[in-house]
**Q** 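After the structure tokens below, expect a handful of questions from me.
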Amino acid sequence: MKAKEKYGERLTILKQEAVKIPGGFLNLFSQEGVRITGFIPAIGMGQGQYRAGAGASDTPAPLKAPVSGEAANVPAANMPAANMPAARGAATTFAEEKEKILAMANAGKESAALKEVLTEIKSIKEKLESQGLAGSREEHPTLNRIDEILILNDFPAAYRKSLLDRGREEITLGGLDNYNAVQDKFLEWIGESVKIYGNDTFKVRPRIMILVGPTGVGKTTTIAKLAANFGIDDKANQKRRIVLITIDTYRIGAREHLEKYGELLEFPCYSVSEYDEMKKILALHADAVDLFLIDTIGRNPRDMVQLGEMKQLLSACGTLAETHLAVAATTKASDLKEILQQFEAFDYRSVLVTKMDETIRMGNVIGALAEKGKSVSYMTFGQKVPTDIRKASVIQFLINLEGFRVNRVKMEEKFPDKGHEQMQKWR
């Protein structure tokens, strides 16, 4: 308003913004002000003409009008030479020049906004391409079909991209026309990415096996299955001396659950809540026991404090103890990745996959394990003790994939299934 009062209709405002006007000792008494950016035609010159001073630039000079004082002296904006009228008597009117400058200003704003949007789009596109999600190239129909099956099985994007890149490199264009041969090749590559835990022996006695994992994956039932298969032969006689230990003293019925299994199998069962208790029980039975099976508390993988407390208690088992991480096959890929990462603190040797009977899509498990380079020791397929458990095998993963035609004879030649033996025959 003050600028308009001083310069009248000659002033055209392009933008305004709130500023601090310095004042007083150490600027302790600064005032609120408004900075106005615009232009004013020079007084005494013809319409459509502007004063062109030294140092003319494309940036209009700022106009300042303090909120609580008089309007400041405002210099006339300098027009760049390229935008000045050709002659004093040019027919271009002031109104036309004003519209032209306003259009230039708006075009500048739009250009900056457009540039920002294009930069953001480029960034999004790069992220999608890095995850193998951008359809930037035209694929062979066979690769498109394979990718659709991989997506159907919940394989992570990075895993799919790696497989498809390998297919483009190793399979000829003519070879891509044979879909059955291509899908057999992809199945082989998927099988090669599955690592099987191979250190399932009793070279060290007593052997100590610890099962950790998030809540609800079936650790207690799995401990009972392991006890039955390692400790009872096919004639229902004990073939190994086993002790069951639980540190789950929080969950209602958890201790009673394992104690019931111990009673049925005629194996002693202990409940432990402290480091010294664990050391005492292990030392007490060390000379007379073949295997300690330790059930743990289901923990949220994000709760680092509770995980730390549990790790401290389990450290009483010593460095020879082998820890296995139990995960459910029904867990989505992103959550599996986080679980595998958060339980790294326990230095687990392998992964035990539970609830494989509850899903027909195994890509989430295969992809997450391959990314972390983790091996698989055992698989469970239900609640029955002792039958619904077996040693892990590549074939079991492959036959649980949806949409693939599995040539079992050919695949077993490539990946011998050592896990099909009866669990009672475990060494």
Side-chain angles (χ1 to χ4, degrees), residues 199-213 215 217-299 309-326 346 348-350 352 354 377-378 380 383-389 391 422-427:
N199 189 26
D200 188 23
T201 62
F202 282 80
K203 292 181 180 179
V204 177
R205 293 178 187 269
R207 183 181 181 186
I208 303 174
M209 294 181 65
I210 304 169
L211 204 57
V212 299
T215 305
V217 297
K219 293 188 296 297
T220 302
T221 304
T222 301
I223 285 285
K225 292 174 182 177
L226 290 171
N229 284 283
F230 277 124
I232 307 296
D233 63 21
D234 54 359
K235 296 180 180 179
N237 298 316
Q238 287 192 4
K239 61 179 180 180
R240 289 191 181 96
R241 296 161 296 177
I242 295 177
V243 169
L244 306 179
I245 300 175
T246 178
I247 66 171
D248 191 351
T249 59
Y250 299 93
R251 187 164 53 93
I252 297 175
R255 183 182 64 185
E256 291 78 4
H257 192 186
L258 191 60
E259 286 178 345
K260 187 64 175 177
Y261 282 126
E263 181 182 335
L264 293 172
L265 298 170
E266 298 182 354
F267 293 138
C269 181
Y270 297 91
S271 177
V272 173
S273 60
E274 295 181 358
Y275 176 93
D276 290 338
E277 281 185 281
M278 180 70 78
K279 292 284 286 187
K280 181 179 178 180
I281 292 173
L282 293 175
L284 184 64
H285 296 278
D287 295 332
V289 169
D290 297 305
L291 174 64
F292 288 99
L293 288 170
I294 302 176
D295 187 18
T296 61
I297 312 163
R299 291 302 194 194
E309 292 173 350
M310 188 166 75
K311 177 175 171 57
Q312 184 179 11
L313 193 161
L314 293 174
S315 66
C317 299
T319 57
L320 294 179
E322 55 186 275
T323 303
H324 299 257
L325 173 63
F346 293 91
Y348 57 92
R349 298 191 184 184
S350 75
L352 191 156
T354 65
S377 52
Y378 307 101
T380 72
Q383 298 295 315
K384 294 179 182 178
V385 177
T387 55
D388 292 341
I389 188 172
K391 292 180 180 179
Q422 291 296 315
M423 299 299 282
Q424 284 81 4
K425 295 180 182 179
W426 288 3
R427 292 185 302 277

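Only a predicted model underlies this, so the values are computations on that prediction, with no experimental measurement involved.
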**Q** Rounded to the nearest 0.5 Å, how far apart are CD of Glu322 and OG of Ser377?
**A**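 Answer rounded to 0.5 Å: 8.5 Å.
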**Q** Would you mind reporting whether Tyr261 and Thr221 have side-chain heavy atoms less than 4.5 Å apart?
**A**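 SC-SC contact between Thr221 and Tyr261 confirmed.
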**Q** Taking side chain as C-beta onward, heavy atoms only, is Tyr270 less than 4.5 Å from His285?
**A**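 Tyr270 reaches His285 side chain to side chain.
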**Q** Return the minimal non-hydrogen interatomic distance between Ala321 and Arg349, and the atom names on each side.
**A**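 Answer, listing the atom of Ala321 first, then Arg349: O-NH2, 3.8 Å.
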**Q** Do the non-hydrogen side-chain atoms of Leu314 and Ile247 ever get within less than 4.5 Å of each other?
**A**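 Yes, their side chains come closer than 4.5 Å.
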**Q** Work out which heavy atom in Thr354 is nearest to a heavy atom in Val217; give both atom names and the distance.
**A**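 Distance-wise, the nearest heavy atoms are OG1-O, 2.8 Å.
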**Q** Counting distance only, does the side-chain N/O of Lys225 pair as donor-acceptor with the main-chain N or O of Asp388 below 3.5 Å?
**A**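 Yes; at least one donor-acceptor contact below 3.5 Å.
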**Q** So do Asp295 and His257 actually touch side chain to side chain, heavy atoms under 4.5 Å?
**A**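 No. Closest side-chain heavy atoms not under 4.5 Å.
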**Q** If you define the side chain from C-beta out and look only at heavy atoms, does anything of Phe292 sit under 4.5 Å from Ile245?
**A**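 Side chain of Phe292 against side chain of Ile245, heavy atoms only: contact under 4.5 Å found.
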**Q** Any side-chain heavy atom of Leu291 sitting closer than 4.5 Å to one from Phe267?
**A**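 Side chain of Leu291 against side chain of Phe267, heavy atoms only: no contact under 4.5 Å found.
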**Q** Between CG of Leu226 and CG of Asn229, what distance do you get to the nearest 0.5 Å?
**A**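 Those atoms lie 7.5 Å apart.
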**Q** What distance do Lys219 atom NZ and Leu258 atom CG have between them, rounded to the nearest 0.5 Å?
**A**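 These two atoms lie 12.0 Å from each other.
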**Q** Are any of the side-chain heavy atoms of Cys317 and Ile294 separated by less than 4.5 Å?
**A**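 Cys317 reaches Ile294 side chain to side chain.
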**Q** Tell me whether the count of non-hydrogen atoms from other residues, nucleotides or ligands lying under 6.0 Å of CG in Asp287 goes above 12.
**A**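 No - once you tally the heavy atoms of other residues, nucleotides and ligands closer than 6.0 Å, there are 12 at most.
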**Q** Parallel, tilted or perpendicular: which one describes the rings of Tyr378 and His324, with boundaries at 30° and 60°?
**A**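 Tilted: the ring planes of Tyr378 and His324 meet at 30° to 60°.
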**Q** Provide the closest heavy-atom pair for Met310 versus Thr296 in the form atom of the first, atom of the second, distance.
**A**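 For Met310 and Thr296, the tightest heavy-atom pair comes out as SD-CB, 3.8 Å.
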**Q** Let me know which of Arg205, Lys239, Arg240 forms a side-chain hydrogen bond (donor to acceptor under 3.5 Å, both in side chains) with Asp290.
**A**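 It is Arg205, the one option of Arg205, Lys239, Arg240 that forms the side-chain hydrogen bond (donor to acceptor under 3.5 Å, both in side chains) with Asp290.
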**Q** For a 4.5 angstrom cut-off between non-hydrogen side-chain atoms, does Leu211 reach Thr220?
**A**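 No, too far: nothing below the 4.5 Å cut-off.
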**Q** Looking only at heavy atoms, what is the nearest atom pair of Leu244 and Ala227, with distance?
**A**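 Reported closest heavy-atom pair: CD2-CB, 3.9 Å.
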**Q** At their closest point, which heavy atom of Leu325 faces which heavy atom of Gly213, and how far apart are they?
**A**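 Closest heavy-atom pair between Leu325 and Gly213: CD1-CA, 3.7 Å.
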**Q** Please check: side-chain N/O of Thr246 versus main-chain N/O of Ser271, any donor-acceptor pairing under 3.5 Å?
**A**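 Side chain of Thr246 to backbone of Ser271, a donor-acceptor pair under 3.5 Å: no, none is there.
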**Q** Could you state the interatomic distance from CD (Glu263) to SG (Cys269), rounded to the nearest 0.5 Å?
**A**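 These two atoms lie 10.5 Å from each other.
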**Q** Does atom CD of Gln238 have more than 12 heavy-atom neighbours from other groups under 6.0 Å away?
**A**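 Buried by this count: over 12 neighbours within 6.0 Å.
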**Q** Where do Ala316 and Lys279 come nearest, in terms of heavy atoms and distance?
**A**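 Scanning both residues completely, I find the closest heavy atoms to be O-CD, 3.2 Å.
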